[in-house]
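Reckoned from all heavy atoms, side chains included, excluding hydrogens, waters and symmetry mates. Order of the sequence lines fixes the chain letters, A, B, ..., with proteins taken first and strands second; residue numbering starts at 1 for each chain. Owing to the predicted nature of the structure, the values given are computational and were not obtained by experimental measurement.
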Amino acid sequence: MRLSQLFFASLRDDPADAEMASHRLLIRAGYVRQIGSGIYSLLPLGWRVTRRVEQVIREEMDRIGCQEMEMPVVQPADLWRESGRYQKIGPELLRFKDRTGRDMVLAMTHEEVVASLLHDLVSSYRQLPLLIYHIQTKFRDEPRSRGGLIRVREFVMKDSYSCDLDTAGLDHSYQLHYEAYTRIFGRLGLDAIVVGADVGIMGGSLAHEFMVLNEWGEDTLVLCERGDYAANQQIAMVGKPEPPNEEPMATEEVATPGAATIADLARVLEIGADRTAKATFFVTGDGRLLTVITRGDYEVSETKLANAVKAYSLRPAQAEEIRAAGMVPGYASPIGAHDTVVIVDDLVARSPNLVAGANREGFHLRNVNVGRDFSPDMVTDVVNARNGDPCPKCGAAVALRNGIEVGNIFKLGTDFSIPMGATYLGEDGERHPIVMGSYGIGVGRNVACIVEAHHDQKGIVWPAEVAPYPAHLVTIAAAKEPRIAEEADGLYARLKDAGVEVLYDDRDESPGVKFTDAELLGMPLIVTLSPRSLAAGGVEVTVRATGERSVKPIAELEAQLRTAATG
RNA sequence: CGGGGCGUAGCGCAGCCUGGUAGCGCACCUGCUUUGGGAGCAGGAGGCCGCCGGUUCGAAUCCGGCCGCCCCGACCA
């Protein structure tokens, strides 16, 4: 591609709203342009990288026998009513009506369509197992997009679906994906770590996320320092301290004016936050008020909580709702409360003589004991793992790190096949639900993560596997020395004939501009053709990643690029 | 949805407080010079100053409403 013809513009200044390196560089180098919040156009360079990433994914999916197909983005809402997600999913599912007033949605994923197709096409156990995938645009109306290209509303995703006879088959399909994903991220130059993940309220039995560590990541990961445990904080189960061994003592009201927070309470009473019981309040999507009791030095995990009470959504409760249940915000405890579901963290249930709210403005109770002073509706682990907590496997400290989810694998089970009637007739003559799995990779997010991992002060440094072009040919003084343009044109044309497309900066720009752009754009090799290089014997080849330079005959470079392309 | 910030040429910004012909750098066009690290000279083009309304003789500037974008939080198969 001749740079003089390429639909692109590089920018000298950083765009004002880009903070992440990937966002800043992809805009500056002319790969993408923002159209709206969380909505981007891919310019030719960006599209080329995207297709190369897709190609890696495609090859590895094909390798495990996954068949590529294509399913629609716009879908009738009825399909989503059948699975129940139309009702359960919030406003991130974009709903609209077509001209006849029929309810439609923009798909976020394609479990419904797959299940519906299975219903139509699969009737016998002989047709299973089956692996299918497509690479396609998704839309999720995120409340707030952020982090440049990491969290967007419209994005391209590879989603695949496994369809098996039974859970043993699902285990195998899951394992195939696990291995394929490991190869994919390796080829993309991403250091992805695998963490245990939330299976969500839709059910399912097991899920893993492939994560790239990044300070801008929106997921918090819990990682054992010895490498024995890795999980998304949403579900991470870590060890908890042993509570003091004390006999329960008589409760005692104590004045704590103005101490409406745990920090104030601990200061006023001169005790540790670990001797307090904190009450936090949520309302479920179906209207239940949850009173959650954790120790004062822990935070509630909303994911664990939602799973424990089987809630599709949670929101913080309003002060009025808390009062209506007989509690006083700031000084609340379940003692004397009514019309609320009381969930107690297991550590609190084992801890004697905590300080809890007295449900009276300005007062707390000492020596509160779960079971004696109030009865929980449920006792379970509902807190977030903390930095330094013990690893559940080996007891070493865990660290909290931010990560970006580049892929996930998920055992769905029969959560879609049963409601959608995706069944097969078994060898036993009985009808069975198809056992499904679902597996995603966000393509655009991977492109951004590759740039995050592969850039320097000057610009992008593409790994050869995904670079839009293998080399960036730069001419110097071509306007003045006709020989330069002739040699470059010839090299470019011969490579093109051989099926090797390089980026050719044929613009009449000063050397500084051309070198700066070449480094910004990030092709693996920068090939300079100038009077000086010709005098030295050919072209000067700079390896973008290392800065290493060498001069070689034009024919040698040509052969090298042709070999790399076919190799 | 809550808090904060911003909206002036393709990009980065000044002007606004204190109302009076819309500016700067880069990019762009023409000509000449220049050609190994963001060139020089000369000339030129490009603006519903986010939108609507109000105040005023006069609004980019003051007032009100709305929209959009960014950041933090809430949220997040």
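Atom CG in A:Leu11 sits roughly 15 Å away from atom P in B:A9 (whole-Å rounding). Atoms CD1 (A:Ile150) and P (B:C70) sit 15 Å apart, rounded to a whole Å. One atom, CZ of A:Arg151, and another, C1' of B:C71, lie 14 Å apart when rounded to the nearest Å. Remark: C1' of B:A77 and CD of A:Glu209 are 9 Å apart, rounded to the nearest angstrom.
The side chain of A:Arg144 approaches B:A74 more closely than any other nucleotide in the set B:A74, B:G37, B:C75. Here the nucleotide nearest the side chain of A:Glu302, chosen from B:G37, B:A77, B:C75, is B:C75.
Both A:Glu92 and A:Pro15 lie near RNA chain B, and the one whose nearest nucleotide falls closer to the 5' end is A:Pro15. Mapping A:Asp14 and A:Gln34 onto RNA chain B by nearest heavy atom places A:Asp14 at the nucleotide closer to the 5' end.
The aromatic rings of A:Tyr492 and A:Tyr504 lie tilted to each other, with the angle between the two planes from 30° to 60°. The aromatic rings of A:His110 and A:His134 sit perpendicular, their planes meeting at an angle over 60°, well past the 30° parallel limit.
As judged by a 4.0 angstrom heavy-atom cut-off over every strand, A:Thr516 is placed among the base-contacting residues. Within the 4.0 angstrom heavy-atom criterion, no nucleotide atom of any strand lies near A:Glu405. Backbone-only engagement by A:Gly36 is indicated by non-hydrogen atom pairs under 4.0 Å involving sugar-phosphate atoms exclusively.
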In 5'-to-3' order, the base (B), backbone-only (S) or no-contact (-) status of each nucleotide in nucleotides 22-36 of chain B, using a 4.0 angstrom heavy-atom cut-off, is ---BSSS------BB
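Across every strand in view, B:G43 sits in a pair with B:C29 that passes the Watson-Crick or G-U test at under 3.5 angstrom.
If you check the side chains of A:Thr280 and A:Lys278, you find no donor sitting under 3.5 Å from an acceptor.
A:Glu179 places no side-chain N or O within donor-acceptor distance of the main-chain N or O of A:Leu176, the cut-off being under 3.5 Å.
Across A:Phe210, A:Phe410, A:Tyr439, a single residue satisfies ring pair (Phe, Tyr, Trp, His ring centres under 6.0 Å) together with A:Tyr181, and that is A:Phe210.
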Distance-only check: which donor-acceptor pairs under 3.5 Å involve side-chain atoms of residues 39-50 of chain A, not counting sequence neighbours?
{"residue": "A:Tyr40", "atom": "OH", "partner": "A:His23", "partner atom": "NE2", "Å": "2.9"}
{"residue": "A:Arg48", "atom": "NE", "partner": "A:Pro468", "partner atom": "O", "Å": "2.6"}
{"residue": "A:Thr50", "atom": "OG1", "partner": "A:Gly46", "partner atom": "O", "Å": "2.7"}

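With hydrogens and angles ignored, no donor-acceptor pair under 3.5 angstrom links the side chain of A:Arg507 to the base of B:G38.
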